[in-house]
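Reviewing the structure listed below.
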Protein chains: 2
Amino acid sequence: MSANTDQEAALRIASGRKPFVEPLRLGERLKEIRLANQWTLEDVSQRTGLARSTLSKIENDQISPTFTAVQKLIGGLGIDLPQLLSPPKPQSRTFGRRDLTRTGEGQQHPTPTYEHELLSWQLAQKRMIPFKTIVRARSFEEFSEWVRHDGEEFLIVLEGTIRLYTEFYEPLELERGDSIYFDSDMGHALVSTSDHDAVVLSVCTRGDAS
Amino acid sequence: MSANTDQEAALRIASGRKPFVEPLRLGERLKEIRLANQWTLEDVSQRTGLARSTLSKIENDQISPTFTAVQKLIGGLGIDLPQLLSPPKPQSRTFGRRDLTRTGEGQQHPTPTYEHELLSWQLAQKRMIPFKTIVRARSFEEFSEWVRHDGEEFLIVLEGTIRLYTEFYEPLELERGDSIYFDSDMGHALVSTSDHDAVVLSVCTRGDAS
DNA sequence: AAAATTAATTTCCTATAGTGAACCGACATG
DNA sequence: CATGTCGGTTCACTATAGGAAATTAATTTT
């Protein structure tokens with residue numbers, strides 16, 4: 001009866017997947033905030049304009065609130081989203097999260113020029129995004145635009161050799177084992193200079209605020 | 001026809017409340033992100049598991065996505081909530097940093113059990129610390145204490161096979177190509193289970209305090 | 001202890017989010 | 001120009017979130 005957790009769990013089991021600490025317990029957190037302020041469901045209902053029953057169901061993970069409902073919550077309770085989402089009790093941690101990804105079991109994201117495989121994708125709230133990329137492109141001309149995203153990126157060549165183009169600099173030839181660290185809001189692009197496709201591992205930082 | 005603004009406004013007036021929450025146009029922002037990456041609705045559908053039609057309606061503020069839908073969005077697009085909610089960023093820097101490290105040219109830090117090679121060590125002010133480690137240890141007994149440090153760690157096996165011990169969990173056997181992401185304040189330790197030394201690549205987050 | 005009070009849950013119904021399929025331009029290609 | 005096909009919107013339908021009221025659980029009152 002829990003909102004979407006069952007089917008997801010089923011999926012996870014079906015696909016032989018493991019641990020995963022993921023879905024941030026929004027309901028739990030809401031209840032925590034409510035109790036901390038000694039509010040009753042009725043109080044919160046007054047403040048947010050949501051029905052008591054609805055609030056109860058949200059707290060018990062029986063429904064997944066619509067985004068407008070979430071907005072009413074944060075508006076009515078005078079909190080902000082990160083507060084509502086941040087997992088309860090960040091300080092006194094008595095456990096740790098971990099998420100294993102076996103070779104080839106990442107989340108695949110194919111594009112014409114690259115083939116990305118997102119690693120550790122089952123773990124939410126990460127500060128880094130790791131992924132493997134198969135580099136198909138063979139010439140710079142295949143790109144219409146620079147790749148560009150906030151933050152920093154670390155990259156190491158796992159297979160083959162590549163040429164890394166970056167804005168403001170000369171292209172670099174990277175061989176297997178070579179690595180590079182750069183500001184990823186600087187335009188960049190990769191091509192394989194091997195006869196076969198090259199494989200690189202990247203780790204990006206993720207914009208914070210939480 | 002707009003997803004929630006009308007009723008919310010009415011409510012606010014009726015209850016004499018002040019508008020805390022900016023009426024953040026989630027749909028608009030989503031479309032922005034989608035176009036910035038040159039994704040079609042179909043692409044996003046693939047990544048998130050949401051229907052094309054649903055995405056279209058979200059973008060046009062015809063529906064208010066359920067929170068599980070929002071989670072699928074941020075999961076599938078590899079972004080986080082603040083990013084999805086905050087309006088576009090001022091951008092365009094006029095330079096960028098980069099630091100190349102050729103194979104074996106990192107800064108060496110030998111210890112009895114591990115041999116660390118710090119990568120991109122010439123670049124200061126990084127948000128991530130990448131390094132290669134040659135794992136010499138062959139049994140858990142060689143450790144007197146858990147390794148433990150603030151933040152998060154991503155690790156992938158480059159050569160050989162290892163066993164990863166972590167607090168709170170069972171040990172894991174990792175083969176070449178397998179990777180794992182974990183909270184590094186949770187105690188952890190590595191041993192090689194190959195006949196030769198194993199090599200792993202790690203990336204740690206850096207505490208913003210230091 | 002029964003009755004009254006208060007807070008959370010559950011029920012049952014309605015409103016709406018989510019889906020697949022059909023539908024529309026806008027561009028190709030023959 | 002017919003004929004694809006590609007990206008997006010709309011439609012008809014199903015699944016589920018949200019609300020009003022009944023139910024349950026726990027306290028307090030008399």
Side-chain angles (χ1 to χ4, degrees), chain A residues 1-11 23 25-77 84 109-112 144, chain B residues 1-12 14-15 24-77 84:
Chain A
M1 217 60 80
S2 61
N4 97 321
T5 329
D6 288 348
Q7 40 178 316
E8 280 195 315
L11 244 163
R25 285 265 169 241
L26 187 115
E28 193 179 318
R29 179 83 186 107
L30 172 60
K31 186 163 194 174
E32 217 174 75
I33 293 175
R34 182 172 65 82
L35 294 181
N37 290 74
Q38 308 206 149
W39 285 330
T40 129
L41 284 184
E42 180 57 32
D43 294 335
V44 177
S45 172
Q46 299 283 357
R47 284 165 184 265
T48 59
L50 292 166
R52 281 207 317 285
S53 54
T54 306
L55 294 168
S56 167
K57 289 179 212 165
I58 295 176
E59 286 192 351
N60 295 306
D61 288 315
Q62 287 172 12
I63 61 175
S64 165
T66 194
F67 194 74
T68 70
V70 173
Q71 289 192 94
K72 287 181 186 171
L73 275 175
I74 62 184
L77 303 185
L84 183 59
H109 292 295
T111 78
S144 46
Chain B
M1 223 49 48
S2 63
N4 72 324
T5 331
D6 291 346
Q7 39 180 316
E8 272 199 321
L11 232 162
R12 220 177 298 129
S15 65
L24 25 85
R25 295 266 71 134
L26 186 119
E28 194 178 317
R29 178 78 187 113
L30 173 60
K31 185 164 194 172
E32 225 171 67
I33 293 174
R34 181 171 66 82
L35 294 181
N37 289 77
Q38 307 201 154
W39 287 330
T40 88
L41 285 184
E42 181 57 31
D43 293 335
V44 177
S45 172
Q46 299 282 359
R47 283 165 184 262
T48 59
L50 293 165
R52 269 203 338 278
S53 54
T54 305
L55 294 168
S56 169
K57 288 182 208 165
I58 294 176
E59 286 192 352
N60 296 309
D61 289 315
Q62 288 171 11
I63 62 175
S64 165
T66 199
F67 193 73
T68 67
V70 173
Q71 288 193 91
K72 287 182 186 170
L73 275 176
I74 62 184
L77 302 186
L84 181 59

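Residue numbering restarts at 1 for every chain, and letters A, B, ... go by the order of the sequence lines.
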**Message:** Is there a side-chain contact between Gln62(B) and the phosphate of dT16(C), meaning an N or O under 4.0 Å from OP1 or OP2?
**Reply:** no
**Prompt:** Within the pair Ser56(A) and dT9(C), is there a side-chain N or O less than 4.0 Å away from OP1 or OP2?
**Reply:** yes
**Prompt:** Between the side-chain atoms of Lys57(A) and the base atoms of dG19(D), is any donor-acceptor pair under 3.5 Å?
**Reply:** yes
**Request:** For Lys31(B) and Glu28(B), run salt bridge (Lys or Arg N to Asp or Glu O under 4.0 Å): C-alpha distance rounded to whole Å, both residues' side-chain angles, the deciding distance at 0.1 Å, then the answer.
**Result:** CA-CA 5 Å; Lys31(B) 185 164 194 172; Glu28(B) 194 178 317; over 6 Å; no
Quick check for you: among [options], whose closest atom lies nearest to any side-chain atom of [X]?
{"X": "Ala51(A)", "options": "dG19(D), dT9(D), dA17(C)", "result": "dG19(D)"}
{"X": "Ser53(A)", "options": "dG18(C), dT11(C), dT10(D)", "result": "dT11(C)"}
{"X": "Pro65(B)", "options": "dT10(C), dG18(C), dA17(D)", "result": "dG18(C)"}

**Message:** Distance check needed: dG18(D) C1' versus Glu59(A) CD, whole Å only.
**Reply:** 15 Å
**Prompt:** How long is the line joining CG of Asp61(B) and P of dG8(D), in whole Å?
**Reply:** 17 Å
**Message:** At 4.0 Å (heavy atoms only), tell me whether Thr54(A) reaches a base, stays on the sugar-phosphate, or touches nothing.
**Reply:** base
**Request:** Check every strand shown and say whether Leu55(A) touches a base, only sugar-phosphate, or nothing at a heavy-atom separation below 4.0 Å.
**Result:** nothing
**Contact list for DNA chain C against residues 34-44 of chain A - heavy-atom distance below 4.0 Å** = Arg34(A), Thr40(A), Leu41(A)
**Request:** Report the distance from atom OG of Ser56(B) to atom CG of Leu50(B), rounding to the nearest 0.5 Å.
**Result:** 12.5 Å
**Prompt:** At what distance, to the nearest 0.5 angstrom, does CD1 of Ile58(A) lie from CD1 of Ile63(A)?
**Reply:** 4.5 Å
**Message:** Walk me through whether Thr66(B) and Thr66(A) qualify under side chain to side chain donor-acceptor pair (under 3.5 Å).
**Reply:** CA-CA 4 Å; Thr66(B) 199; Thr66(A) 194; 5.4 Å; no
**Complete:** Nearest heavy-atom contact between Val70(A) and Pro65(A) is CG2-CG, 4.0 Å
**Asked** Closest nucleotide of DNA chain C for Ile58(B) versus for Arg52(B): which of these residues is on the 5' side?
**Response** Ile58(B)
**Prompt:** In chain order, what residues pass the salt bridge (charged side-chain N to carboxylate O under 4.0 Å, His left out) check against Arg34(A), with sequence neighbours excluded?
**Reply:** Glu59(A)
